[in-house]
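Each ligand, and each atom within it, is numbered from 1 in the order the structure gives.
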Amino acid sequence: MAKVLVATLVLSWSPQVEGKWPLTGGKELADVPASFDCEMRKLAYAYGRKLLPRLGAFESLYYALDLNSESCHQEQAADEPVEQPGTALPNNWRDTAVFVDGTNGDDGNVGSESHPLRSLQVACDRAVTFGSDTPMVLLRGGTHFLTESLMLGPQHSKLLITSYPKENAEVSGGQKLQVTWKPYNVTGGANIWVSDVSGQVKEMEALQVDGVRATRARYPNMPQGIEVSCGYGCMIDGSKETWIGPDFQKFGNVTYYTDNSTKHYRNTTKDWFNEYMIGVGGLCSVYDPPVSYWCSEHPSGGGAFAFRTPSGVIYKSPNGPYEHGEDARFFVWRPARWANWMFDVAKYDKERNNFTFGRGGNQGARGENKGGDFFIENVMEELDYPGEFFFDKRTEKLYLFHNGTGAPPTDSIVVPQVKVLVNITGTQWKPVTGLQLKGLRFSASGPTYMMPHGVPSAGDWALDRYSAVFMQGTQHTLIDNCTFQRLEGNAVMVSGYNRWATIQHSDFAYLGGNAVVAWGYTNETSSDPGRPGVALANAPQAGVDGTDGEHPVLTTVQNCLAREIGLYEKQSSFFVQAKSAESRILSNVFFNGPRAGINMNDGFGGGDEIAYNLVFSTCRESGDHGPFNSWDRQPFLTTVRTGEPSMIMQVRAIHHNFFIDNYSPQEDVDNDDGSCYYVTHDNFLVYGGQAMKNDFGGHDNHHYDNVDAYVDRALGVCDTIAGHEDYFFGNYVVMRGETVGTCLPERQMYKNRYFTPSGKVQEGCHGYGGEVSKTPSDAEILNQAKKKLGMPEISLVV
Ligand SMILES: *[C@@H]1O[C@H](CO)[C@@H](O)[C@H](O)[C@H]1NC(C)=O
Ligand SMILES: *[C@@H]1O[C@H](CO)[C@@H](O)[C@H](O)[C@H]1NC(C)=O
Ligand SMILES: *[C@@H]1O[C@H](CO)[C@@H](O)[C@H](O)[C@H]1NC(C)=O
Ligand SMILES: *[C@@H]1O[C@H](CO)[C@@H](O)[C@H](O)[C@H]1NC(C)=O
Ligand SMILES: *[C@@H]1O[C@H](CO)[C@@H](O)[C@H](O)[C@H]1NC(C)=O
Ligand SMILES: *[C@@H]1O[C@H](CO)[C@@H](O)[C@H](O)[C@H]1NC(C)=O
Ligand SMILES: *[C@@H]1O[C@H](CO)[C@@H](O)[C@H](O)[C@H]1NC(C)=O
Ligand SMILES: *[C@@H]1O[C@H](CO)[C@@H](O)[C@H](O)[C@H]1NC(C)=O
Ligand SMILES: *[C@@H]1O[C@H](CO)[C@@H](O)[C@H](O)[C@H]1NC(C)=O
């Protein structure tokens with residue numbers, strides 16, 4: 001049962017950091033006219049306001065586009081927020097709702113407005129016993145601190161949980177600490193205070209002070225704390241340190257499984273990714289369930305080899321050796337910055353500063369013998385910078401280097417604890433239907449990056465099956481008008497069987513992991529911690545088989561804002577899906593993420609639509625990718641395309657989006673390793689290497705009627721077999737160089753318009769199916785873009 005305490009702490013948005021607009025592609029983007037870049041950003045600002053009028057002047061977008069800078073200046077818009085039309089409560093709400101109030105509530109009360117309950121769980125359980133068609137729980141304003149997950153099952157179907165009209169209720173997974181600060185070191189520029197917190201918490205991986213995260217004592221320091229991305233900075237250069245190699249014998253041998261039945265042979269490429277394959281056990285024992293494509297017999301694709309991680313590191317540390325190095329935690333980039341691993345320390349040799357890794361290393365799917373750039377945290381010696389904290393578990397004392405003068409506050413020290421705030425769980429046979437969460441704020445869920453992770457399919461990802469709002473076995477779940485802020489793990493997870501889940505008009509910010517995850521199951525092993533107590537039939541033969549329904553289908557994410565995500569797990573996105581189909585990602589604004597904005601980890605089923613989104617400032621900390629990234633290394637059997645079981649997915653459409661690959665590691669739409677059946681059209685795609693990309697057997701991709709602005713070249717695609725050709729037509733491609741790229745036959749490549757500084761392209765086949773002219777004016781390019789985005793033509797002053 002969830003006990004609820006209520007306080008009146010109201011969190012505010014922390015201000016955006018003003019920074020230089022990040023054209024960190026630097027070299028590559030040096031030849032983009034500054035005037036274009038600036039006018040394009042102004043258009044992005046206008047487009048974002050059009051998508052989310054509820055945000056009015058949309059201050060966070062204004063600053064993220066750096067429009068207050070001198071080099072590209074525009075006044076912030078004066079738009080007033082436009083109230084989203086919401087559904088009114090039924091007229092009789094005062095008589096039928098169950099009320100929760102922490103200050104005046106009491107679980108002995110009936111739960112009426114004048115005699116409210118105290119506990120959310122008691123309220124939810126009671127609201128559905130009255131036989132009402134519209135069961136309702138109304139939360140009074142203020143913070144409702146949970147001490148356990150709110151558990152909702154099929155019996156809670158149709159329940160609406162919402163804030164009391166005109167009040168803001170916050171559901172927090174935090175635990176408020178009782179503190180008495182004493183000066184510890186307030187000399188020489190330090191302002192470190194200590195409080196005895198014995199008996200209150202066992203561990204403290206995260207801490208909030210006045211509603212904002214403090215930073216766990218670490219090296220190197222972060223100039224503006226954990227909530228402000230350092231880009232590629234604030235790391236120890238991993239290439240200069242000594243790594244202890246993988247321990248290949250640690251978990252015994254792996255068992256390979258390759259599905260070799262001819263009816264499961266995809267047969268759409270000559271020799272890429274036609275068979276479903278996995279490996280169980282071996283080094284993939286770090287996952288739960290212990291299975292991955294990257295432990296299979298023949299992992300292939302970009303930079304492919306079997307999974308492993310280094311087993312330790314020896315490094316030159318300016319503040320070490322450490323008194324208790326065994327308490328440290330390491331955050332280590334996989335080289336090339338594809339994902340980061342977190343490790344606890346199993347053994348510490350102080351003399352050599354030799355750390356042997358213990359638990360962890362399961363937060364990404366790709367391996368390496370060595371680590372990349374890294375940092376160390378949770379050692380007392382590194383408590384040397386404003387905003388840092390250290391919890392000494394031996395003495396149960398909390399040390400805080402207060403970022404301010406005098407003592408830290410005493411009434412707003414919160415430890416994020418409860419990992420899952422709302423757990424909505426049913427089954428395919430007995431689903432939770434029509435549950436609604438509206439007008440609520442969710443905060444301070446506990447960290448999950450050290451929890452068990454699984455490899456959801458053959459992309460590069462590993463994921464933990466936890467989130468602040470978790471749903472599995474549901475139909476028509478609605479999350480509307482909610483705020484997900486300062487959660488230590490993922491915000492929303494749509495797990496296993498779900499149909500028609502909708503997440504809309506909601507804001508996500510300052511998350512440890514992903515904003516929204518959709519992740520289904522196939523039976524690869526005979527058990528899975530996500531389905532406790534269920535014996536999974538036909539494993540591993542059913543690994544390929546996605547016809548049993550245990551997948552998110554028709555998930556909609558629309559009109560949401562997500563920003564500042566992936567503060568801990570760097571392979572995090574605004575939306576990621578695996579073993580899910582027919583998702584609709586519509587009219588969202590996503591910016592400021594460490595890795596790809598939207599990720600499709602596989603080609604399961606297809607039928608997805610990604611449209612009208614504004615996505616930029618992605619891959620700020622990682623290598624490769626851009627606003628959108630996909631892989632398709634593992635074929636699946638689904639009925640999505642025709643209603644009959646098939647190894648061929650339905651097409652996946654990406655249209656009318658405004659993507660800016662301003663950090664430019666790769667493409668706006670990065671179709672990696674085997675990605676197929678993408679229909680990418682009518683988008684405004686700014687910067688990046690190639691307008692269209694396929695590699696390692698990618699096929700059946702169509703790129704047409706897009707405006708591709710200042711790409712390096714038009715396309716780089718691989719050979720396809722008969723009947724699986726790619727198409728490139730009707731595109732308006734402004735190129736930085738003269739190389740178009742791959743030549744496709746005339747019937748696949750036509751009616752393109754290429755623009756280059758010289759007005760020429762390098763000689764090639766049939767003129768590359770297009771006409772060439774000199775680079776057009778900024779206004780001309782942007783007017784083309786506006787036509788795609790449904791915005792009126794404005795003639796810009798250049
Ligand atoms: C207090 O902090 C200052 C500044 O970091 C440092 O120079 C000094 O050694 C510290 N004193 C103690 C007793 O730790
Ligand atoms: C300390 O506070 C100042 C003022 O609020 C802020 O600008 C700065 O980023 C903070 N530093 C850290 C490390 O959090
Ligand atoms: C692992 O495989 C190797 C080589 O096939 C074999 O020699 C060894 O006995 C196996 N170990 C176990 C624990 O099965
Ligand atoms: C197919 O795989 C099964 C078990 O994985 C194996 O026993 C069989 O020999 C394989 N058949 C072929 C034709 O490779
Ligand atoms: C794959 O396709 C080729 C050409 O259509 C066909 O000859 C072959 O039998 C197919 N293989 C399988 C396993 O279906
Ligand atoms: C570091 O520790 C590991 C694990 O104990 C050990 O195998 C390795 O030899 C050590 N390296 C050095 C240089 O001490
Ligand atoms: C959204 O929720 C807030 C409470 O958090 C409420 O004040 C506002 O009226 C709601 N908006 C709509 C459109 O329902
Ligand atoms: C959600 O609740 C179910 C019980 O209904 C439990 O088995 C499952 O582990 C919970 N999931 C999470 C993520 O907490
Ligand atoms: C997977 O296991 C579940 C539980 O036993 C079963 O209901 C389902 O049919 C299995 N799926 C397949 C494709 O065999």
Starting at CD of E564, measure out to OG of S60 and round the result to the nearest 0.5 Å.
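Going from the CD atom of E564 to the OG atom of S60 covers 8.0 Å.
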R465 contact mode with ligand 8 (heavy-atom cut-off under 4.0 Å)
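The answer is the backbone of R465.
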At a 4.0 Å threshold, what atoms of ligand 8 neighbour a non-hydrogen atom of T425?
1 (C), 2 (O), 5 (O)
On the 0 to 90° scale, with breaks at 30° and 60°, tag the F390-Y399 ring pair as parallel, tilted or perpendicular.
tilted
Please state whether the rings of F604 and H551 are parallel, tilted or perpendicular, taking 30° and 60° as the class boundaries.
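The rings of F604 and H551 sit tilted, inter-plane angle from 30° to 60°.
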For [atom], what is the closest protein heavy atom, and at what distance to 0.1 Å?
atom	value
atom 11 (N) of ligand 8	N423 ND2, 3.0 Å
atom 9 (O) of ligand 2	Q224 CG, 3.7 Å
atom 5 (O) of ligand 2	N403 ND2, 4.8 Å
atom 4 (C) of ligand 8	M151 CE, 3.8 Å

A cation-pi test, strictly: NZ or CZ of R563 under 6.0 Å from the centre of the six-membered ring of F591 and no more than 45 degrees from its axis. Yes or no?
no
Give a yes or no on whether atom 13 (C) of ligand 3 lies under 4.0 Å from any heavy atom of the protein.
no
Report, in ascending order of atom number, the atoms of ligand 2 lying under 4.0 Å from any heavy atom of P386.
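Matching atoms, with element in brackets: 13 (C).
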Please determine, by modelled atom types, if Q363 and Q571 share a side-chain donor-acceptor pair under 3.5 angstrom.
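No donor-acceptor contact under 3.5 Å links the two side chains.
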